[in-house]
Amino acid sequence: MSKKCKTVVYGIVALIAALLLWLIIHFLFFSGVFIPLIKLNGSQQLKVEVNQQFVDPGATARFRFRDYSDHITTENNVDTTRLGDYTIRYTFEKYDKSITRQVQVVDTTAPVIQLSGKDHIRVFEGEEFEDPGWSATDNYDGDLSDQVSVDASKLNMNQVGTYEVTYTLNDTSGNTTSLIRTVEVCQDPTDVKVYYQHDAYDNTAEEWWFHKSEQHQRTTGCRDEAFLTKYDAYMMGPDEKTIYLTFDEGGNDITYIKEIVGVLNDNDVKATFFLTRNYIKDNPDFINELVANGHVIGNHSWHHYDMPTLANEQDIDKFVAEITETEKTYMQVTGQPMKKVFRFPKGGMSERALKITQDMGYSNYFWSHAYYDFAEDVSGEEALKTLMDHYHNGAIYLLHPSNKGNYLAMDPFIKAMKQNGYQFQTVDTIKQESSSDQSK
């Protein structure tokens with residue numbers, strides 16, 4: 001090897017040796033071998049959200065290969081309930097060594113707005129908009145309900161349509177949140193006027209009656225199918241293994257309606273409840289529960305009058321109000337349009353009354369089986385026997401929740417009919433099924 005090459009090799013070896021020596025000294029120096037060492041765990045600068053728990057990562061201390069971390073004293077004044085910059089000081093007291101960490105308590109969380117009522121509400125044309133209200137809270141500022149800005153500038157209560165109301169809130173840290181409520185302005189059902197031209201229709205009052213089914217055969221009533229169909233009225237559904245449970249309720253002092261609904265829900269059966277306006281108004285939570293569980297609320301009038309007595313030119317507005325006031329109350333309670341499903345109080349009808357309700361867009365539903373179930377002392381055995389003795393394809397059952405017998409019979413009846421291959425539907429599906437049959 002030439003002298004020049006040897007010189008280069010020696011130089012490289014010397015450089016490597018120097019580097020190794022530097023690394024060894026650096027390691028020993030900064031590992032606390034030669035001098036006491038204290039260092040932070042984690043970052044020197046930390047951020048923590050206001051009102052959130054702060055866990056101090058702490059620090060470690062070493063000297064001459066020994067861990068002295070338990071000799072560190074900590075001065076920590078971090079207050080996570082207040083925004084600001086804080087300093088934590090860690091001191092290795094034995095050797096008077098210290099180090100600091102900066103902690104910033106910040107607020108980056110947007111405030112929360114909670115709308116009262118529903119995100120989508122229906123109101124009536126021409127009325128004054130009454131906002132259901134709201135509440136607002138912030139993780140630092142607390143209750144900010146009175147700081148919410150409401151923009152309803154696009155809402156036109158005098159024109160049917162769908163509009164947006166915007167709720168906006170800024171907290172003191174500059175965080176912003178907003179919510180939108182959709183407001184559907186609907187035509188007021190009580191503004192509906194029926195132009196009276198019905199004198200040509202017979203107004204002879206009839207109370208619905210029917211022949212009880214024998215041997216589970218389909219039956220007949222006081223009006224034949226052709227007459228009923230002419231006015232969108234039904235006493236039975238199609239000739240299929242379907243039963244339609246209906247319950248009339250006007251606000252009896254004694255009622256088992258909630259117990260019956262519990263049985264229906266447990267058996268996944270939907271029913272139709274013909275209710276008066278006042279019952280709907282006085283039981284809003286229960287009405288919304290019925291709707292949420294898929295049951296149908298039928299219109300049973302406002303005052304439970306005999307409707308043929310109002311089916312004349314002089315009283316036509318009263319006739320209409322019996323129906324439309326119930327519609328309006330239903331929408332006020334549920335926020336939804338009422339299905340056009342009607343049942344005459346006490347089954348009292350006339351051809352003219354049928355025609356008027358049809359002109360209002362309603363279908364009428366009578367029944368193919370009922371029994372004297374108004375008495376409070378009807379037993380479960382008696383109720384179950386009549387329900388089982390007279391079932392038939394497409395049967396519409398009229399029942400009243402005012403006796404315990406119907407409640408006690410409901411569960412075994414439903415289970416027995418399902419075992420016999422029957423299903424249960426709400427009466428509003430009858431018109432759909434009938435229309436489908438006619439189109440085949």
Side-chain angles (χ1 to χ4, degrees), residues 187 189 192-210 218-240 242-248 270-275 295-302 305-308 310-312 316 319-327 330 336-370 393-398 425-440:
Q187 182 182 11
V192 172
K193 301 294 182 183
V194 172
Y195 176 66
Y196 186 78
Q197 50 183 359
H198 300 88
D199 279 343
Y201 297 89
D202 184 11
N203 197 35
T204 302
E206 299 179 76
E207 188 170 331
W208 181 260
W209 56 263
F210 63 97
R218 285 165 68 83
T219 187
T220 57
C222 67
R223 288 289 186 162
D224 61 30
E225 185 176 3
F227 174 86
L228 293 175
T229 302
K230 181 180 178 181
Y231 297 107
D232 292 324
Y234 307 90
M235 65 165 287
M236 291 185 296
D239 189 3
E240 299 172 351
T242 302
I243 287 176
Y244 305 86
L245 293 175
T246 71
F247 299 88
D248 287 8
K270 315 305 178 189
T272 308
F273 293 84
F274 288 98
L275 306 177
H295 303 291
V296 169
I297 308 298
N299 195 322
H300 203 38
S301 81
W302 181 358
Y305 291 151
D306 287 325
M307 298 300 284
L310 304 176
N312 55 69
I316 185 63
F319 186 109
V320 172
E322 283 294 312
I323 297 173
T324 57
E325 288 287 355
T326 307
E327 278 189 52
Y330 177 86
Q336 301 179 23
M338 194 174 203
K339 289 182 180 290
K340 299 289 187 176
V341 172
F342 187 73
R343 172 171 284 167
F344 287 106
K346 296 172 283 188
M349 60 89 175
S350 68
E351 182 177 15
R352 185 184 298 174
L354 281 167
K355 175 59 178 173
I356 296 173
T357 54
Q358 183 187 43
D359 287 349
M360 294 179 67
Y362 274 85
S363 297
N364 276 279
Y365 296 89
F366 297 99
W367 53 90
S368 60
H369 182 64
N393 286 4
I396 298 179
Y397 279 79
L398 165 61
Q425 292 283 0
T426 53
V427 296
D428 58 307
T429 63
I430 293 176
K431 186 173 183 178
Q432 300 169 13
E433 293 169 358
S434 299
S435 300
S436 176
D437 291 343
Q438 293 173 8
S439 65
K440 291 180 181 179

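All values derive from a computational prediction rather than experimental measurement.
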Taking [X] for its side chain and [Y] for its backbone only, find out whether a donor-acceptor pair lies under 3.5 Å.
X    : Y    : answer
N299 : I323 : yes
H295 : K270 : no
T429 : T426 : yes
R343 : F366 : yes
T242 : G394 : no
T246 : Y397 : yes
T324 : V320 : yes
W208 : W367 : yes

State, yes or no, whether a side-chain contact exists between [X] and [Y] at a heavy-atom distance under 4.5 Å.
X    : Y    : result
M360 : K340 : no
N203 : N312 : no
D248 : F273 : no

Using a cut-off of 6.0 Å, state whether more than 12 heavy atoms not belonging to [X] lie near its atom [atom1].
X    : atom1 : answer
E225 : CD    : no
Y201 : OH    : no
K346 : NZ    : yes

### Message
Taking salt bridge (charged side-chain N to carboxylate O under 4.0 Å, His left out) as the cut-off, I'd like each qualifying pair that reaches into residues 354-369, sequence neighbours left out, listed once.
### Response
K355-D359
### Query
Under the side-chain contact (heavy atoms from CB on, under 4.5 Å) criterion, do T326 and H300 qualify, and how do the steps go?
CA-CA 8 Å; T326 307; H300 203 38; over 6 Å; no
Where [X] and [Y] come nearest, the two heavy atoms and their spacing:
X    : Y    : result
E206 : C222 : OE1-SG, 4.4 Å
H198 : V194 : CE1-CG1, 3.9 Å
S368 : A395 : OG-CA, 3.4 Å
S301 : P345 : OG-CG, 3.4 Å
A271 : F247 : CB-CE1, 3.9 Å
D224 : F227 : OD1-N, 2.8 Å

### Message
Do the side chains of D202 and R352 get close enough for a salt bridge, i.e. N-O under 4.0 angstrom?
### Response
no
#### Entry: Salt bridge present between E351 and R223 (N-O < 4.0 angstrom)
no
Under a 3.5 Å cutoff, is there a donor and acceptor pairing between the side chains of [X] and [Y]?
X    : Y    : result
D428 : T272 : no
N393 : E240 : no
Y362 : D232 : no
Y305 : E322 : no

### Query
Please walk me through it: do V341 and F274 pass side-chain contact (heavy atoms from CB on, under 4.5 Å)?
CA-CA 9 Å; V341 172; F274 288 98; 3.5 Å; yes
### Sequence-distant partners of Y365, ring-ring contact (aromatic ring centres under 6.0 Å, His included), two or more places apart
Y234
### Query
CG/L354 to CG/N364 distance, rounded to the nearest 0.5 angstrom?
5.5 Å
### Message
Could you walk me through whether I297 and K339 satisfy the side-chain contact (heavy atoms from CB on, under 4.5 Å) test, starting with their C-alpha distance in whole Å, then the side-chain angles of each, then the deciding distance to 0.1 Å, before giving a yes or no?
### Response
CA-CA 7 Å; I297 308 298; K339 289 182 180 290; over 6 Å; no
### Message
Could you walk me through whether M235 and I396 satisfy the side-chain contact (heavy atoms from CB on, under 4.5 Å) test, starting with their C-alpha distance in whole Å, then the side-chain angles of each, then the deciding distance to 0.1 Å, before giving a yes or no?
### Response
CA-CA 7 Å; M235 65 165 287; I396 298 179; 5.6 Å; no
